[in-house]
2 protein chains.
Amino acid sequence: MDSPSPRWLTEEEKLAWLGLVSAMVRLPAALDAQLQRDAGISHFEYQVLSGLSMSAERTLRMSELAQMSDGSLSRLSHVISRLEKRGWVHRTPDPADGRYTLAVLTDDGWDKVVASAPGHVEAVRALVVDPLTRTQLRQLTEITRRINHAIDPGGTCTG
Amino acid sequence: MDSPSPRWLTEEEKLAWLGLVSAMVRLPAALDAQLQRDAGISHFEYQVLSGLSMSAERTLRMSELAQMSDGSLSRLSHVISRLEKRGWVHRTPDPADGRYTLAVLTDDGWDKVVASAPGHVEAVRALVVDPLTRTQLRQLTEITRRINHAIDPGGTCTG
DNA sequence: GACGCTGAGTTGAAGCGTCAAGTGAACCAG
DNA sequence: CTGGTTCACTTGACGCTTCAACTCAGCGTC
């Protein structure tokens with residue numbers, strides 16, 4: 001339990017860290033706010049619907065979808081229940097293996113994604129893409145790649 | 001309701017965006033997990049305690065503390081109630097102006113911060129600082145500065 | 001083919017954040 | 001000094017996430 005003189009952050013490091021924390025906290029909040037206001041869904045729900053919309057047959061196993069949208073299986077299950085009530089998704093046991101459950105995007109769900117996407121993309125542009133130069137965007141790609149690798153060396157989906 | 005041909009993201013932009021989303025979702029989760037496991041507090045609670053510990057008299061007005069820790073006043077009020085129950089903080093009306101409430105870090109609260117900080121700093125190092133080069137850290141500072149400015153042009157605390 | 005094992009998914013309870021309404025201190029107008 | 005306004009903060013209810021059981025399909029073993 002003795003800390004062998006913890007390596008404190010330098011001023012430069014602290015500056016980078018504080019900026020990152022602030023962005024890390026406020027960017028999700030800003031995206032949620034836009035989607036909630038304009039589409040009545042959360043960013044996570046958008047990720048789920050969008051993930052399905054980009055998949056073959058607009059269908060994905062629950063576990064794959066959970067991984068793709070960076071959420072727990074339990075969280076996804078609750079969310080899919082809500083989306084099902086709203087008529088945007090429905091569930092079916094996988095005919096190939098009854099242990100899996102398939103989440104399928106309905107036509108209404110597809111329409112919802114199509115209607116929500118432009119506003120969301122605009123927000124992403126306004127908050128992240130447009131304020132940065134192309135060079136910074138490439139730097140950001142490499143930086144987040146390294147951070148994501150540090151968080152999960154297994155690299156489930158980051159290749 | 002007609003979208004004037006939304007400017008979709010290029011492949012390069014999408015790559016940067018997806019990487020950022022993943023980091024944005026998983027980094028807070030990883031930091032919360034470390035603090036919850038090793039210190040029994042959330043990252044937000046740590047920010048609050050840490051913010052107080054760095055202030056003169058270990059004291060701050062609720063509204064200042066809320067702004068500093070990127071949270072709503074309501075959220076802070078609930079959190080301070082919990083921290084008060086644990087004996088790490090106590091509240092006092094501001095003698096200078098009774099409309100304000102001062103949150104004061106107790107000695108136990110100070111000890112808690114001192115005990116939690118090294119582990120937290122280690123996590124920050126492991127997940128962000130060490131995986132990046134000095135150059136990348138400087139790039140990240142500028143990138144998050146621009147994003148934070150886009151989120152809140154008023155720049156409440158980012159100077 | 002009955003048994004236990006594994007792993008996907010579901011469910012309900014508990015905890016936290018948000019929203020909207022409420023409280024109360026200072027201040028100002030008359 | 002009385003009534004209204006503002007602003008900082010608090011409170012309670014509701015919604016979402018998490019955690020810990022639980023269910024159930026498939027698979028292997030005997």
Side-chain angles (χ1 to χ4, degrees), chain A residues 24-26 28-37 39-49 52 59-86 89-104 156, chain B residues 24-26 28-37 39-49 52 59-86 89-104 156:
Chain A
M24 197 174 73
V25 169
R26 289 164 21 176
L31 292 168
D32 266 329
Q34 182 273 321
L35 280 167
Q36 202 69 57
R37 180 165 40 78
I41 58 180
S42 68
H43 184 237
F44 184 73
E45 289 173 323
Y46 179 82
Q47 276 185 300
V48 167
L49 294 175
L52 285 176
T59 298
L60 232 39
R61 290 178 174 171
M62 293 290 285
S63 39
E64 290 173 324
L65 188 52
Q67 191 169 315
M68 174 180 297
S69 39
D70 286 318
S72 69
L73 197 47
S74 172
R75 179 183 188 182
L76 181 64
S77 182
H78 286 294
V79 167
I80 292 287
S81 296
R82 278 175 246 146
L83 296 179
E84 221 170 4
K85 269 183 208 132
R86 302 225 236 170
V89 173
H90 74 94
R91 274 184 268 218
T92 312
D94 189 336
D97 186 336
R99 284 172 299 187
Y100 293 91
T101 300
L102 299 179
V104 185
T156 44
Chain B
M24 195 175 74
V25 170
R26 289 165 18 175
L31 291 168
D32 267 328
Q34 182 273 321
L35 280 167
Q36 202 69 57
R37 180 166 40 79
I41 59 180
S42 67
H43 183 236
F44 185 73
E45 289 172 324
Y46 178 83
Q47 278 185 297
V48 168
L49 294 174
L52 285 176
T59 298
L60 232 39
R61 291 178 173 171
M62 292 290 284
S63 39
E64 290 173 324
L65 188 51
Q67 192 169 314
M68 174 179 299
S69 40
D70 285 319
S72 68
L73 197 48
S74 172
R75 179 182 188 182
L76 181 64
S77 182
H78 285 296
V79 167
I80 292 286
S81 297
R82 279 175 245 146
L83 296 179
E84 221 170 4
K85 267 182 209 134
R86 301 224 236 170
V89 173
H90 73 93
R91 275 185 268 218
T92 312
D94 189 337
D97 185 337
R99 286 172 299 188
Y100 292 91
T101 301
L102 298 180
V104 186
T156 44

Subject >> side chain to side chain donor-acceptor pair (under 3.5 Å) partners for Asp32(B), two or more places apart >> reply: none

**OP:** Check whether any side-chain heavy atom of Ser63(B) lies under 4.5 Å from a side-chain heavy atom of Leu76(B), and answer yes or no.
**Re:** no

Subject >> Partners passing ring-ring contact (aromatic ring centres under 6.0 Å, His included) against Phe44(A) (at least two apart in sequence or in another chain) >> reply: none

**OP:** Using the test ring-ring contact (aromatic ring centres under 6.0 Å, His included), find all partners of Tyr46(B) that sit at least two apart in sequence or belong to another chain.
**Re:** His120(B)

Subject >> NE2-CZ distance between His78(A) and Arg75(A), expressed to the nearest 0.5 angstrom >> reply: 11.0 Å

Subject >> Rounded distance (nearest 0.5 Å) linking atom OG of Ser81(A) with atom CZ of Arg86(A) >> reply: 13.0 Å

Subject >> Opening and closing nucleotides of DNA chain D in contact with chain A, under 4.0 Å to non-hydrogen atoms >> reply: dC16(D) to dG26(D)

Original post:
Can you tell me how far P of dC27(C) sits from OH of Tyr100(B), to the nearest Å?
Top reply: 10 Å

Original post:
Using a heavy-atom distance cut-off of less than 4.0 Å, which residues of residues 90-98 of chain B contact DNA chain C?
Top reply: Asp97(B), Gly98(B)

Subject >> Leu52(B) CG to Thr59(B) OG1 distance, which is reported to the nearest 0.5 Å >> reply: 7.5 Å

Original post:
Looking at OG of Ser42(B) and CG of Leu31(B), how far apart are the two atoms once the value is rounded to the nearest 0.5 Å?
Top reply: 11.5 Å

Original post:
Roughly how far, to the nearest 0.5 Å, is CD of Gln36(B) from CD of Glu45(B)?
Top reply: 7.0 Å

Original post:
Just by protein heavy atoms under 4.0 Å, how would nucleotides 12-24 of chain C read 5' to 3' in B, S and -?
Top reply: B---SSBB-----

Original post:
How long is the line joining CG of Leu76(A) and P of dT10(C), in whole Å?
Top reply: 8 Å

**OP:** Could you tell me whether Thr101(B) contacts a base, only the sugar-phosphate backbone, or nothing, with contacts defined as non-hydrogen atoms closer than 4.0 Å?
**Re:** sugar-phosphate

Original post:
If you round to the nearest 0.5 Å, how far is OG1 of Thr101(A) from CZ of Arg61(A)?
Top reply: 10.0 Å

**OP:** Quickly work out the Leu102(A) CG to dT10(C) P distance and round it to whole Å.
**Re:** 11 Å

